[in-house]
Amino acid sequence: MDKANLPHGWKVYAPLLVLLVIFVLLMPRSGKFNYDYRKGVPWMYETLVAQFDFPVLKTSEQLQAEKEQASANVIPYYRYSENIVNDAQAALKATPLGKYDTLKSEFSRIMSAIYEKGIIENVSGKETAPDEDGVIFVQREKRATEVPASEVFTPASAKQRFAQEVSGLDKKGNVDSLCRYSGIYDLLIPNLIFDRQTTDLVHEESVNYISPTSGVVNSGQLIVTKGEMITSEIEQLLDSYKAEYESSFGYSGPRILLWIGDALIALSLVVILFLSLYYTNWTIFSPGSFNKYVYLLVIFLISFLMAIFVEKADPSFLYLTPFVLIALYLRAFFKKRVVMPVYIISLLPLLVFSHNGLELFVMNLVAGVVAIYVFMFFNKGWQQFVTALCVFVSLLIVYMGFRLIDGVKGFDDFTTIFFMFLGSFLIVAGYPLVYLFEKIFMLVSSSRLVDLSDTNSKPLLELAHKAPGTFQHCLQVMNMADAAAKAIDADVPLVRAGALYHDIGKTLNPQCFIENDSTGTNYHQGLSPQESARDIIKHVPDGLALADRYKLPGEIKQFIDTHHGTTCTAYFYNKYLNAGGDPDKAEDFYYKGAKPKTPEQVIVMLCDTLEAASRTLKDYTPKSISDLVEGVVKSKMSAGQFENADITLKDLNTIKGVLKDYIQQMHHARVVYPKRNLPDYHSRHEA
């Protein structure tokens with residue numbers, strides 16, 4: 001596929017069409033309040049007049065203040081106990097008073113009057129009644145009556161009233177002593193029992209059922225004029241008008257126009273996604289990358305679904321939704337140059353369809369950029385919590401910035417902050433889905449590549465045991481390729497893994513290769529140039545067979561297949577020609593592999609050749625090393641090995657510069673240590 005032309009084939013456009021249809025079907029079927037405004041900024045649109053009646057919604061601050069006031073004004077509920085009154089009267093009747101027995105009827109009357117008013121129970125150990133200016137509810141015979149708190153008695157005031165009433169019954173003043181001695185005062189116990197359950201229930205209902213509105217704006221009433229500064233009051237009216245408009249009066253035109261509008265927006269999102277891929281990673285449209293292409297579209301769809309469905313359920317939950325995971329899911333399989341534009345596009349539904357869309361868009365954009373960077377260093381085990389914490393801090397900083405712009409002095413919206421905190425740490429819980437995606441879409445994540453690069457893995461251990469020279473060669477190639485990949489921002493984990501496994505086929509016939517010949521035995525002695533070339537070339541198909549045995553991913557197999565491309569075994573080919581061989585029958589001397597297609601495969605091809613060739617230099621001067629690197633690159637290009645590769649001349653020049661420096665450092669000259677001249681034993685003793 002030519003980068004200058006648009007890709008063709010149903011595999012490119014059919015998934016995009018499916019994505020477009022899903023977008024259109026799931027988009028909100030309502031119009032949007034197409035005005036952007038903020039307190040302290042002039043109204044830049046035409047004068048706005050209410051087109052319908054709408055309630056004025058209270059601000060969150062007003063609702064919170066009313067709830068606090070409702071919480072402070074708790075009216076307690078008490079149950080009137082008839083049993084306590086009856087028991088007290090019965091106890092009075094049974095109390096012997098001797099010659100004062102005739103006063104029992106008066107005592108009973110006074111006690112009944114006190115109990116009728118009610119004796120309040122001591123609440124929380126307090127002896128005093130509620131505030132005299134307040135009220136209480138007394139529930140009696142399934143009816144609750146509001147009673148002034150000043151009209152009920154406490155146990156102490158009830159005894160005091162009883163003493164006052166009975167003091168006039170006996171002029172000698174012996175009645176008070178009689179009541180104390182006989183225990184009549186002790187019969188005055190609370191008959192108004194505090195009902196905590198009912199009190200809490202009524203209190204909770206009073207708080208929860210605070211009206212969310214504070215008046216109505218009638219149709220035709222002026223809301224804001226053009227150029228008028230938006231104050232807190234005007235902002236409240238605009239918020240209320242917007243809420244009513246989007247919930248009830250969002251769209252009144254023909255439905256077909258709404259569908260067309262949704263289709264155009266969906267088409268715009270799909271086209272932007274397609275073009276961003278075309279300009280940043282056009283090779284994804286190739287048949288061999290179809291699984292990557294579908295995975296990327298699925299991740300984009302997941303972001304769209306999260307934005308749409310969470311917005312429909314509860315807009316406040318958008319602060320809880322971990323959109324940053326989309327960036328990490330993309331980074332696991334793609335380069336940063338692909339991840340950033342796709343991630344930005346995946347956040348556009350937030351900007352278009354969500355309340356506070358701009359705020360959420362900027363918050364998640366900043367947090368995503370931070371996550372991509374931090375995750376490079378903190379991506380294993382508990383370290384992922386460090387990434388989550390950095391994401392939360394990023395979200396919080398941007399959120400506070402928007403609050404300051406809105407003129408909010410205090411940051412008491414702890415629910416939203418808690419949602420951001422919880423959403424940030426959902427990243428740790430959600431990231432393992434990468435391994436599921438890896439299996440479903442047959443991809444290789446950066447984490448898997450790091451694991452493959454562990455030299456303790458079974459195939460590499462076998463290579464080190466059977467072909468130690470080749471293993472050391474692979475390590476050197478890996479280090480060289482690592483430096484080159486970092487210089488051009490290539491996929492470093494992929495390069496390292498590819499370099500380690502590119503010669504794994506030599507495990508099956510290690511003595512065929514000179515780096516493994518530790519005994520001085522010449523494997524190729526007695527073989528014809530064709531036979532030697534065939535044995536040498538065979539390490540590529542052998543490597544592919546071993547890769548299948550060890551179930552290595554396709555990305556690694558591509559390095560095995562491309563590290564020699566379609567070049568020839570020059571040593572044996574020249575030997576064949578010098579012996580009078582026919583150049584037209586030289587196919588046995590050429591590798592049957594594939595030519596590199598990616599910068600990473602080009603890097604490994606060059607490093608593989610240069611690592612071996614650099615050992616043949618007689619001296620390692622900067623000029624000889626430079627000539628070697630330039631010669632190898634030129635020979636690969638003249639052989640057409642890079643004609644299918646997505647690599648620029650600028651990147652090639654950068655790679656050449658890095659490899660020249662690396663080879664120079666690898667073969668640097670060492671200082672010859674001078675020998676110390678010491679006098680012999682006799683000289684020292686004679687002295």
Is [Y] close to [X] at the side-chain level, that is, under 4.5 Å between some pair of heavy atoms?
| X | Y | answer |
| --- | --- | --- |
| Ile223 | Val49 | no |
| Met478 | His502 | no |
| Phe361 | Ile344 | yes |
| Trp43 | Met229 | no |
| Ile284 | Ser286 | no |
| Lys336 | Ile372 | yes |
| Tyr501 | Leu460 | yes |
| Tyr399 | Tyr319 | yes |

Practice item. Would you check, one step at a time, whether the test side-chain contact (heavy atoms from CB on, under 4.5 Å) holds for Leu475 with Leu500? Key: CA-CA 6 Å; Leu475 290 176; Leu500 279 174; 3.7 Å; yes
Which value, rounded to the nearest 0.5 Å, describes the distance between [X] atom [atom1] and [Y] atom [atom2]?
| X | Y | atom1 | atom2 | result |
| --- | --- | --- | --- | --- |
| Glu555 | Leu452 | CD | CG | 10.0 Å |
| Ile397 | Met363 | CD1 | CE | 11.0 Å |
| Phe274 | Leu20 | CZ | CG | 13.5 Å |
| Leu494 | Arg448 | CG | CZ | 12.5 Å |
| Leu348 | Phe353 | CG | CZ | 10.0 Å |
| Ile504 | Arg549 | CD1 | CZ | 9.0 Å |

Practice item. Could you tell me how the ring of Phe377 sits relative to the ring of Tyr373: parallel (under 30°), tilted (30 to 60°) or perpendicular (over 60°)? Key: perpendicular
Exercise for review: Could you label the plane-to-plane angle of the Phe441 and Phe437 rings as parallel, tilted or perpendicular, counting under 30° as parallel and over 60° as perpendicular?
Suggested key: tilted
Ignoring hydrogens and angles, tell me if any N or O in the side chain of [X] forms a donor-acceptor pair with the backbone of [Y] under 3.5 Å.
| X | Y | answer |
| --- | --- | --- |
| Ser240 | Leu57 | yes |
| Ser354 | Leu351 | no |
| Glu600 | Asp491 | yes |
| Glu235 | Thr231 | no |
| Thr321 | Phe317 | yes |
| Thr648 | Asp651 | yes |

Does atom [atom1] of [X] have more than 12 heavy-atom neighbours, drawn from other residues, nucleotides or ligands, at distances under 6.0 Å?
| X | atom1 | value |
| --- | --- | --- |
| Met442 | CE | no |
| Lys636 | NZ | yes |
| Leu436 | CG | yes |

Partner residues of [X] under the salt bridge (Lys or Arg N to Asp or Glu O under 4.0 Å) criterion, sequence neighbours left out:
| X | result |
| --- | --- |
| Lys292 | none |
| Lys557 | Asp548 |
| Asp482 | Lys486, Arg496 |
| Lys11 | none |

Heavy-atom pair with the smallest gap, counting every atom of [X] and [Y]:
| X | Y | result |
| --- | --- | --- |
| Met306 | Leu318 | O-CD2, 4.4 Å |
| Thr280 | Arg337 | O-NE, 3.3 Å |
| Val444 | Phe333 | O-CD2, 3.3 Å |
| Asp262 | Met27 | O-SD, 3.2 Å |
| Val434 | Ser445 | CG1-CB, 4.0 Å |
| Ala367 | Val324 | CB-CG2, 3.6 Å |

Exercise for review: Mind checking ring pair (Phe, Tyr, Trp, His ring centres under 6.0 Å) for Phe375 and listing every partner two or more places apart, or none if nothing turns up?
Suggested key: Tyr431
Review point. Does the side-chain contact (heavy atoms from CB on, under 4.5 Å) test come out yes or no for Leu652 and Leu606, once each step is laid out?
Key: CA-CA 10 Å; Leu652 273 177; Leu606 290 175; 4.3 Å; yes
Please identify each residue that fulfils side chain to side chain donor-acceptor pair (under 3.5 Å) with [X], with sequence neighbours left out.
| X | result |
| --- | --- |
| Asp489 | none |
| Gln641 | Thr566 |
| Tyr13 | none |
| Ser276 | none |

Compile the donor-acceptor pairs under 3.5 Å between side chains in residues 295-304 and protein atoms, sequence neighbours left out, one pair per line.
from: Tyr295; atom 1: OH; to: Tyr329; atom 2: O; distance (Å): 2.7
from: Ser303; atom 1: OG; to: Ser346; atom 2: O; distance (Å): 2.7

Exercise for review: Scan side-chain atoms only and decide if Glu228 and Thr225 contain a donor-acceptor pair under the 3.5 Å cut-off.
Suggested key: yes
Exercise for review: Step by step, work out the side-chain contact (heavy atoms from CB on, under 4.5 Å) result for Tyr241 and Leu48.
Suggested key: CA-CA 10 Å; Tyr241 188 62; Leu48 185 62; 4.1 Å; yes
Practice item. Answer yes when Arg403 and Glu359 have at least one side-chain N-carboxylate O distance shorter than 4.0 Å, and no when they do not. Key: yes
Check your understanding: For Ala307, which residues count as a side-chain contact (heavy atoms from CB on, under 4.5 Å) partner, sequence neighbours excluded?
Key -> Phe323, Pro349, Leu350
Study note, to complete from the structure: Sorted by chain and residue number, the side-chain contact (heavy atoms from CB on, under 4.5 Å) partners of Asp451 (sequence neighbours excluded) come out as none
Review point. Which residue, Leu365, Asn364, Leu360, Val366, forms the side chain to side chain contact (heavy atoms under 4.5 Å, CB included) with Val362?
Key: Val366
Exercise for review: Among Phe285, Phe334, Trp282, find the residue that satisfies the ring-ring contact (aromatic ring centres under 6.0 Å, His included) test when tested with Tyr293.
Suggested key: Phe285
Point to revise | Candidate pair Ile556 and Leu449, rule side-chain contact (heavy atoms from CB on, under 4.5 Å), full reasoning | key: CA-CA 9 Å; Ile556 302 301; Leu449 291 171; 4.1 Å; yes
